[in-house]
There are 2 protein chains.
Amino acid sequence: MRLSKRGEYGLRAMIVLAGNPQTDSQLPIVLIKDIAQQEKIPIKFLEQILLSLKNIGLLHSKMGVGGGYYLAKQPHEITLGQIIRVLDGPIAPIRCVSQIAYESCGCPDEETCGLRMVMFDVRTAMVDILDNTSLADVAGRVEAQRQLLGHVQ
Amino acid sequence: MRLSKRGEYGLRAMIVLAGNPQTDSQLPIVLIKDIAQQEKIPIKFLEQILLSLKNIGLLHSKMGVGGGYYLAKQPHEITLGQIIRVLDGPIAPIRCVSQIAYESCGCPDEETCGLRMVMFDVRTAMVDILDNTSLADVAGRVEAQRQLLGHVQ
DNA sequence: ATCTAATCTATAATATTAGTAGACTATTGG
DNA sequence: CCAATAGTCTACTAATATTATAGATTAGAT
């Protein structure tokens, strides 16, 4: 029941990117290298991860001097659920409760399978959080917590 | 974010065992072989799984003719969370939110780590379900669903 | 041109998972 | 006591997934 490093690193990177808010005047481009350094992620591994997120349309990039990665949408439009599904696959404890990647678990009657009923609830609980938490929400919570702890920016 | 086969098989086996309710007159002993057959689980794999559950004290067993496995406690005293922790380890998307197997994720300040905040909520949601659902609860839900669908026993 | 930075593909190293094998021990019943 | 039954224990293997690493390539800026 654990997130992979791939998923974790991807989420951390996206949260960093969301921390550089998009303005009209200045593009919030961040280098892979900088994210890797800041979050202690192996750079070559992070490259692959960001590339996946780019290919699915969550990130844009720019090559060459002054290039880097930036969010393809506003932070409030990107949820953690989207990111995790790209990097770790469907969010479901067992396949027979996945909406996106359903697969029979082979029990005689799914309608009366006790395990399936409970795991359906677990899946729902996870998805409820992850699909309703955006990068902006995360940034907001971090900010609120900083204020609460009296951190000075 | 998926349960292993080990975990899944263990849960299925325990649900089967809880389906044979414990009475004073007759011991509800079930053979590994029968569970394996009914649930389509490789028998040698299931042996190991049941042994783990026995060693942790969730199952008892009896060798020889007329032997087999039976629950060590009443179905309402055994939760799915207990079973999963034995077979799959701690229930937490990342280690830094596990109560039982905490481990630092290496971020500069855990108190203001956005990923940690969200994953803490996810963990809580999963644990709330799994630690509050007993084998008796599962059996009850299966029975209720059977009635609802008009199955005749 | 040259430097920078992302892109792409392949592959290596490691860990985990899933399953198999077989010898051993305990219990029952004849 | 012996044979059959059924769980115990340990080791091992095969497959798969995870976590990277390497290096050549392409695009863009100055």
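Side-chain atoms are counted along with the backbone in the values below, which use heavy atoms only and exclude waters and symmetry mates. Numbers restart at 1 for each chain; the letters A, B, ... are given by sequence-line order, proteins then strands.
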**Student:** Just how far, in rounded Å, is C1' of dT4(C) from CD1 of I43(A)?
**Tutor:** 12 Å

**Student:** For the CD1 atom on I56(B), are there more than 12 heavy atoms of other groups (residues, nucleotides or ligands in this structure) within a distance under 6.0 Å?
**Tutor:** no

**Student:** If you take atom types as modelled and just measure distance, does the side chain of Q48(B) reach the base of dT20(C) with a donor-acceptor pair under 3.5 Å?
**Tutor:** yes

**Student:** Using a 6.0 Å cut-off, check whether atom CZ of F45(A) has over 12 heavy atoms from anything other than its own residue.
**Tutor:** yes

**Student:** So what does L31(B) touch, heavy atoms closer than 4.0 Å: a base, only the sugar-phosphate, or nothing?
**Tutor:** sugar-phosphate

**Student:** If the threshold is 4.0 Å, N to carboxylate O, is there a salt bridge linking D131(B) and R85(B)?
**Tutor:** yes

**Student:** Return the 5'-most residue of the pair P42(B), S61(A) with respect to DNA chain C, ranking by each residue's nearest nucleotide.
**Tutor:** S61(A)

**Student:** Answer with yes or no whether K44(A) presents, from its side chain, a donor or acceptor under 3.5 Å of a partner atom in the base of dG23(D).
**Tutor:** yes

**Student:** For the side chain of F45(A), counting heavy atoms from C-beta on, which of dG7(D), dA6(C), dT19(D) is nearest?
**Tutor:** dT19(D)

**Student:** It should be established whether K62(B) places a side-chain nitrogen or oxygen under 4.0 Å from OP1 or OP2 of nucleotide dT28(C).
**Tutor:** yes

**Student:** Which listed nucleotide (dT19(D), dT7(C), dA29(D)) is nearest to the side chain of S4(A)?
**Tutor:** dT19(D)

**Student:** Choose from dT7(C), dG7(D), dA5(C) the nucleotide whose nearest atom is closest to any side-chain atom of K33(A).
**Tutor:** dA5(C)

**Student:** Rounded to the nearest Å, what distance is computed from the NZ atom of residue K5(B) to the C1' atom of nucleotide dT16(D)?
**Tutor:** 14 Å

**Student:** Output the rounded distance in Å from OH (Y69(A)) to P (dA27(D)).
**Tutor:** 15 Å

**Student:** Rounding to a whole Å, what distance do you find between R2(A):CZ and dA15(C):C1'?
**Tutor:** 13 Å

**Student:** Under the criterion side chain to side chain donor-acceptor pair (under 3.5 Å), I'd like the reasoning laid out for S134(A) against D137(A): C-alpha separation, chi angles, the key distance, then a yes or no.
**Tutor:** CA-CA 5 Å; S134(A) 69; D137(A) 294 328; 3.2 Å; yes

**Student:** Whole-Å distance between dT18(D) P and I41(A) CD1?
**Tutor:** 17 Å

**Student:** Give the nucleotide from the list dT20(C), dG7(D), dA18(C) with an atom nearest to the side chain of R6(B).
**Tutor:** dA18(C)

**Student:** Reading DNA chain C from 5' onward, which residue's closest nucleotide shows up sooner: V65(B) or K54(A)?
**Tutor:** K54(A)

**Student:** I would like to know whether R146(A) and D109(B) meet salt bridge (Lys or Arg N to Asp or Glu O under 4.0 Å); could you show each step before the answer?
**Tutor:** CA-CA 10 Å; R146(A) 282 223 171 99; D109(B) 182 12; over 6 Å; no

**Student:** Classify L50(A) by what it touches in the nucleic acid, base, sugar-phosphate, or nothing, heavy-atom distance under 4.0 Å.
**Tutor:** nothing

**Student:** May I have the distance from I29(B) (atom CD1) to dA6(D) (atom P), rounded to whole angstrom?
**Tutor:** 11 Å

**Student:** In plain terms, say whether R141(A) and D121(B) are close enough for a salt bridge, that is, a side-chain N and a carboxylate O under 4.0 Å apart.
**Tutor:** yes

**Student:** Can you measure L46(B) atom CG to dG19(C) atom P for me and round it to whole angstrom units?
**Tutor:** 11 Å

**Student:** Identify, between G67(B) and E47(A), the residue whose nearest nucleotide on DNA chain D lies closer to the 5' end.
**Tutor:** G67(B)

**Student:** Could you state the CG-C1' distance from L3(B) to dT16(C), rounded to the nearest angstrom?
**Tutor:** 15 Å

**Student:** Does dG19(C) have its OP1 or OP2 closer than 4.0 Å to a side-chain nitrogen or oxygen of Y9(B)?
**Tutor:** yes

